[in-house]
Amino acid sequence: MTMPGCSPPVVPEEIRTRIETLVRERGAVVLAHYYCRPEIHEVAHFVGDSLGLSQEAAKTSARVIIFCGVHFMAETASLLCPGKTVVLANAEAGCPMADMVEPEALAARKKELPGVPVLTYVNSPAAVKALSDICCTSANVVAVLRSLGSRKILMTPDRNLAGYAQKLTPEKEVLTWPGFCPTHHRLNLAEILELKERNPDALVLAHPECQAKILREVDFIGSTSGIIKHAARSDRRKFVVLTEEGVLHPMRKNNPGKIFLTPKTPMICPNMKKNTLQNIVDALETLSPVVKVPEEIRGPALRAVELMMAVPRD
Ligand code: 13P
Ligand code: SF4
């Protein structure tokens, strides 16, 4: 699918004004992940990847954080900002990959691997982070792995991210967990090879949540913001983008002369797309649904997140 241009998403004027008024009244900030709908990008104060959103939550002076993303992201904001009200714009927005690791199962695996540190992708429940030594995002996974003293490390829940990180750190032995992101994992190799053949002049950019057989065929692997930055800096004109299609909005908007191609298999995260403009209005009006991590989990989960944030991005 080729879409060289980019028409601005429509935000009805009355909704924009209502959001602006409520934001002022509530002392709120609206944070959104790149995978949210374009119209959400247009009203958010900050749009970023998982790491960028955590950093932004940690430093905001707003009293209320309206989070447009999925549940684990709001949980991370709640960990970092215990004194603030964190509201997930749509209570139904979960992450299937985060649900693929449960604290009981991780506790049992840790018993089988005494002394092996656990590195957990932020796409995980807070209760799992609390059982982990450190967290990572796709933007700092390699740096975090290298920061650990141990050679053997258990990584949860994304087996594709773990496989990618293992390739870049041959000095480590990365034990994996069988989780994956349905949106990235389902990419079809034959389709990507065909897309490359038809577009030999395109640079192929992929997120490390894609399978190894796909990552072997691409020119650049990076987090959501890594992909966006790489395309902006590159002097190439054409790109194949292998991550959730929410990134296409900023990419097309900020690079009008460039062409961004996507695979036939749509890369859409249905949970990210649950967040709507009306959800933001409702969240600001009702200050619900609040996401708050129970106190007994918060301490150890925060420790794992803070250790991660002290490590620079890859
Ligand atoms: P990043 O924001 O770290 O690129 O991760 C993508 C993702 O799948 C978030 O759910
Ligand atoms: Fe979870 Fe994948 Fe959606 Fe990210 S894109 S929120 S990992 S399902």
Side-chain angles (χ1 to χ4, degrees), residues 31-37 40-41 44 46-57 67-77 88-101 119-125 128-129 135-144 155-162 164-165 177-187 205-211 214-215 220-231 241-251 262-263 265-275 291 305 308-309 311-314:
L31 306 183
H33 192 274
Y34 282 119
Y35 296 170
C36 288
R37 298 166 185 277
I40 301 272
H41 295 207
F46 178 83
V47 183
D49 67 0
S50 303
L51 183 56
L53 289 165
S54 300
Q55 288 164 334
E56 203 57 30
F67 215 107
C68 302
V70 291
H71 188 263
F72 76 81
M73 295 179 174
E75 262 192 348
T76 306
L88 180 59
N90 187 310
E92 306 293 314
C95 167
M97 164 150 60
D99 295 340
M100 290 177 194
V101 55
L119 164 55
T120 289
Y121 193 23
V122 285
N123 301 30
S124 56
V128 166
K129 291 183 176 76
C135 288
C136 72
T137 76
S138 57
N140 60 15
V141 57
V142 174
V144 171
M155 216 180 131
T156 78
D158 187 5
R159 65 184 195 229
N160 294 325
L161 183 72
Y164 156 75
W177 193 270
F180 60 90
C181 163
T183 301
H184 290 83
H185 191 79
R186 67 165 167 255
L187 269 190
L205 317 173
H207 196 280
E209 288 175 11
C210 297
Q211 293 188 66
I214 304 287
L215 296 181
F220 175 81
I221 302 169
S223 73
T224 307
S225 58
I227 287 174
I228 293 171
K229 279 189 205 133
H230 195 79
V241 182
L242 304 181
T243 191
E244 214 277 354
E245 62 172 41
V247 298
L248 295 170
H249 174 58
M251 289 175 107
T262 57
T265 305
M267 295 189 77
I268 296 174
C269 173
N271 282 284
M272 290 283 188
K273 301 303 189 237
K274 284 178 184 166
N275 293 277
V291 174
V305 170
M308 164 191 90
M309 287 174 75
V311 177
R313 298 178 81 112
D314 288 339

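No experiment lies behind these values; they were computed from the predicted model shown. Atoms within a ligand are numbered from 1 in the order they appear, just like the ligands themselves. Only heavy atoms go into these numbers, but all of them, side chains included; no hydrogens, no water, no symmetry mates. Sequence positions, counted from 1, serve as the residue numbers for this chain.
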- Considering all heavy atoms, the nearest A93-L88 contact: O-CD2, 3.9 Å
- Return the set of protein N, O or S atoms whose distance to atom 2 (Fe) of ligand 2 is under 2.8 Å, each given as residue and atom. C181 SG
- Distance in Å, M97 CE paired with T156 OG1, rounded so as to fall on 0.5 Å steps: 10.0 Å
- For T120, does its backbone N or O pair with a side-chain atom of K129 as donor and acceptor, under 3.5 Å? no
- Would you check if the side chain of H41 reaches a backbone N or O of C36 as a donor-acceptor pair within less than 3.5 Å? yes
- Message: Could you tell me if the side chain of C136 sits less than 4.5 Å from the side chain of Y121, heavy atoms only?
- Response: yes
- Could you tell me which residues satisfy salt bridge (charged side-chain N to carboxylate O under 4.0 Å, His left out) with K274, sequence neighbours excluded, listed by chain and number? none
- Note on the structure: Sorted by chain and number, sequence neighbours left out, salt bridge (charged side-chain N to carboxylate O under 4.0 Å, His left out) with E244 holds for K273
- Task: Anything with a heavy atom under 4.0 Å from ligand 1 counts, so go ahead and list those protein residues by chain and number.
- Result: H33, Y35, D49, S50, F72, M73, Y121, N123, S138, H207, E209, S223, T224, M272
- Query: From K229 NZ over to T224 OG1, what is the distance, rounded to the nearest 0.5 angstrom?
  - Reply: 11.0 Å
- Query: Side chain of N271, backbone of G94: donor and acceptor closer than 3.5 Å?
  - Reply: yes
